[in-house]
Amino acid sequence: MDPLPDPALVVLVGAAGSGKSTWATRHYAAPEIVSSDALRAVVGSGPADLDASSEAFALLDQIVSGRTRRGLTTVIDTLGLDRDRRLRYLARARETGLPAVAVVFAIEDRLCRQRNSARDRPVPAPVLTTQLKAARATLDLVAEEGWDRVVVVDQGVAEVTIATPAST
Ligand code: CTP
Ligand code: MG
């Protein structure tokens, strides 16, 4: 993979267990990564405490706002499947002059299910099916949303940039 712009606003997109957090920690320093799971654990009883979601996302937005205002690299580690949220992050990148990067985890369903079932708290199978479907649809959407770079992570190993407009 060509090096990603740095600083940048990087938005991860992918189903549960598709390898987002693993990829993020491999490529970025811990303070650069803003994770909805981690923030659920801060304001709730743990990363899976869905009752804490709205407060966790409010904090996430505040952290993204503070870091991007300072021009700091910010990696948003959420499912990334909510289009309105994704477009708000993209708008924030534009406002602050940061390059906007979407990283889509398009691993095989089978591999994602395998990883999910091996985890402590697997996401229920039907929920994962919905997320996998949404992630595939998002792959087409992001290409049209205006990101400076779209990176596709395939199998969690190969990484292919599918769009590199001249602006970066
Ligand atoms: N994993 C792996 N090889 C990779 C990436 C991930 O074996 N290349 C494993 C991780 O060790 C973990 C599981 O797959 O046990 C899920 O990876 P994770 O990065 O946690 O997935 P996320 O997409 O972050 O899942 P979530 O949305 O639930 O946070
Ligand atoms: Mg994760």
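Note that ligands are numbered from 1 as they come in the structure, with each ligand's atoms numbered from 1 the same way.
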Close side-chain approach of T78 and R85, heavy atoms under 4.5 Å: no

Heteroatom N/O/S of S21 within less than 2.8 Å of the Mg ion (ligand 2): yes

Under 3.5 Å donor-acceptor, R86 side chain and G80 backbone: yes

Atom indices of ligand 1, in the order listed, that fall short of 4.0 Å to a heavy atom of S21: 19 (O), 22 (P), 24 (O), 29 (O)

Subset of ligand 1 atoms that lie under 4.0 Å from at least one heavy atom of A15: 23 (O)

Joint hydrophobic cluster, Y89 plus L141, side-chain heavy atoms closer than 4.5 Å: no

Test log, rule side chain to side chain contact (heavy atoms under 4.5 Å, CB included), inputs R110 and R113: CA-CA 5 Å; R110 189 186 46 82; R113 287 185 202 286; 5.9 Å; no

Heavy-atom gap G14 to ligand 1 smaller than 4.0 Å: no

Close N or O approach (D77, ligand 1; < 3.5 Å): no

Residue-ligand contact A24/ligand 1, heavy atom below 4.0 Å: no

Min N/O separation T22 to ligand 1 under 3.5 Å: yes

Flag for R26-T22: side-chain donor and acceptor within less than 3.5 Å: no

Option nearest atom 2 (C) of ligand 1 (shortest heavy-atom distance, choices R26, R119, R115, Q131): R115

Contact (N/O only, under 3.5 Å) between L79 and ligand 1: no

A16: numbered ligand 1 atoms lying under 4.0 Å from its heavy atoms: 25 (O), 26 (P), 27 (O), 28 (O)

Test applied, side-chain contact (heavy atoms from CB on, under 4.5 Å); reference residue, V75; option that passes from T25, V103, V11, L12: L12

Hphob cluster co-occupancy, V153 + Y28, side-chain heavy atoms under 4.5 angstrom: yes

Atom indices of ligand 1, in the order listed, that fall short of 4.0 Å to a heavy atom of D37: 29 (O)

Salt bridge D2-R149, side-chain N to carboxylate O under 4.0 Å: no

